[in-house]
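Input: a single structure, listed below in structure tokens.
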There are 2 protein chains.
Amino acid sequence: METPVFTPDALVKRLTDSGLRPTPQREVVFKVIVEKRDHPTADELFARVKAQMPTISLATVYNCLETLVQCGLVRQVNFERAPTRYCPNLCQHAHFRDEATGELHDIDLPPDMIARLRELLPPGFNATDIELSFRGQAAPGAVPVSHGTN
Amino acid sequence: METPVFTPDALVKRLTDSGLRPTPQREVVFKVIVEKRDHPTADELFARVKAQMPTISLATVYNCLETLVQCGLVRQVNFERAPTRYCPNLCQHAHFRDEATGELHDIDLPPDMIARLRELLPPGFNATDIELSFRGQAAPGAVPVSHGTN
DNA sequence: AGCTTGTTTAGAACTATTCTAATTCTCACT
DNA sequence: AGTGAGAATTAGAATAGTTCTAAACAAGCT
Ligand SMILES: [Mn+2]
Ligand SMILES: [Mn+2]
Ligand SMILES: [Zn+2]
Ligand SMILES: [Zn+2]
């Protein structure tokens, strides 16, 4: 399983291709979300980013995240009404939320399973997006997932 | 497929079994959510319930819904950060959100598929809950689902 | 330099939901 | 039937994540 890491240059290309500008803020937000592959909230990202760019504002973090989501470089993940989390893993995958810690874990979701899920839909229903999420307990030492870095 | 409809008596039993009181507010909220089997928000339910009990408050609707969810008589359904919706269909099922209208449709989710989904979890992950949701377009005339009335 | 357009920023606004504290109700027990 | 204790309801305030606003800033172009 290869590991197509996003270089900073790839970000610049994706942005300019969409008619958007590669600003320092967008670059640092992207760098910070990619380098620690968890599922931080906007607040958590704000804190991490401020360490490198103390003048950035929370509004900008939200703006950058929205841009990154639109460019398809980051996924938004919601669990009930908890604060939105952001996921840099672009492979199709499901999420498992550990009830004890609140943390999200990536769960591999093979293409054939996605196909089977799609078959659940009656004729006339056309899904552009499928979301699968688990909630429960994870044994402390349980290894997360294949961890393909996109 | 039989159709186990919840009578008002069943609600009373479920409540008293849990040490809760069967109040007129709880009964009317339950009646209103069951009689039109869609996926209303708290606001929408509040409007419907007020027609029958003009003095009820929104806080009470929220309180009653929380109670009904705890008793397992109603499911909570979230889509991204949109207002929580409430679902009276207790059979295991997935949801399809029509992007055009914002409406939710129930999608049958057979037990064997649930079992297969569970197999996606690596050892050490124990799911108490699985949630599957689709987003896309539904052809106007598409028939919703098996519609087992619980 | 001036213009244009996109971006950032601080803070206000928004909104679904929860909390508070006072009142009312329910029901088991006389 | 009447009381009392605890449960539930209510109006309105508070909360909190997110979005909006409007002013300042940046970069490219003429
Ligand atoms: Mn947060
Ligand atoms: Mn609503
Ligand atoms: Zn993820
Ligand atoms: Zn449903």
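Below, chains carry the letters A, B, ... as their sequence lines are ordered, and counting in each starts from 1. Everything numeric here is computed off the predicted structure, so don't read it as measured data.
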Chi angles and distances behind the salt bridge (charged side-chain N to carboxylate O under 4.0 Å, His left out) call for R48(B), D38(B): CA-CA 13 Å; R48(B) 292 184 201 170; D38(B) 54 355; 2.8 Å; yes

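Distance from the side chain of D43(B) is smallest to dA16(C) among dA10(C), dA16(C), dA8(D). Here the nucleotide nearest the side chain of R26(A), chosen from dC27(C), dT7(C), dA8(D), is dT7(C). Side chain of C64(B), nearest nucleotide from dA8(D), dT9(D), dG17(D): dT9(D).
Here dC25(C) presents its C1' atom at 15 Å from CG of L20(B), a figure rounded to the nearest Å. As a whole-Å value, the separation of F79(B) CZ from dA16(C) P is 18 Å. Computed from coordinates, the E66(B) CD to dT18(C) P distance equals 7 Å when rounded to whole Å. In this structure, the CD atom of E80(B) is 14 Å from the C1' atom of dT18(D), given to the nearest Å. Distance, M53(B) CE to dA8(D) C1': 12 Å, rounded to whole Å. When the P atom of dT17(C) is taken as reference, atom CG of N78(B) falls 8 Å away, rounded to whole Å. Look at CZ on R81(B): it is 18 Å from P on dC14(C), rounded to the nearest Å. Atoms CG (L65(A)) and C1' (dT9(C)) sit 16 Å apart, rounded to a whole Å.
Side-chain atoms of R26(B) and L15(B), non-hydrogen and from C-beta on, do get closer than 4.5 Å to each other.
Ion pair E80(B)/R97(B) flagged as a salt bridge, since at least one NZ, NE, NH1 or NH2 atom sits closer than 4.0 Å to an Asp/Glu carboxylate oxygen.
Aromatic rings from H95(B) and F134(B) are positioned such that their centres are separated by 6.0 Å or more.
In this structure, F125(B) and F96(A) have perpendicular ring planes: the angle between them is above 60°, well past the 30° mark. Ring planes of H93(B) and H39(B): tilted class, angle from 30 to 60°.
Phosphate proximity of dT9(C) to T60(A): present, with a side-chain N or O under 4.0 Å from OP1 or OP2. The shortest distance between the side-chain N/O atoms of T23(A) and the OP1/OP2 oxygens of dT8(C) is below 4.0 Å. Dashed line: the shortest gap from a side-chain N or O of Q25(A) to OP1 or OP2 of dT9(C) is under 4.0 Å. Residue Y62(A) places no side-chain N or O under 4.0 Å from the OP1 or OP2 atom of dT19(D).
Along DNA chain C, the nucleotide nearest I56(A) and the nucleotide nearest T84(B) are compared for position; the residue whose nucleotide lies closer to the 5' end is I56(A).
Identified under the salt bridge (charged side-chain N to carboxylate O under 4.0 Å, His left out) test for residues 124-133 of chain B, with sequence neighbours left out: R135(A)-D129(B).
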Once each nucleotide of nucleotides 20-30 of chain D is scored for protein heavy atoms under 4.0 Å, what B/S/- sequence comes out, 5' to 3'? B----------

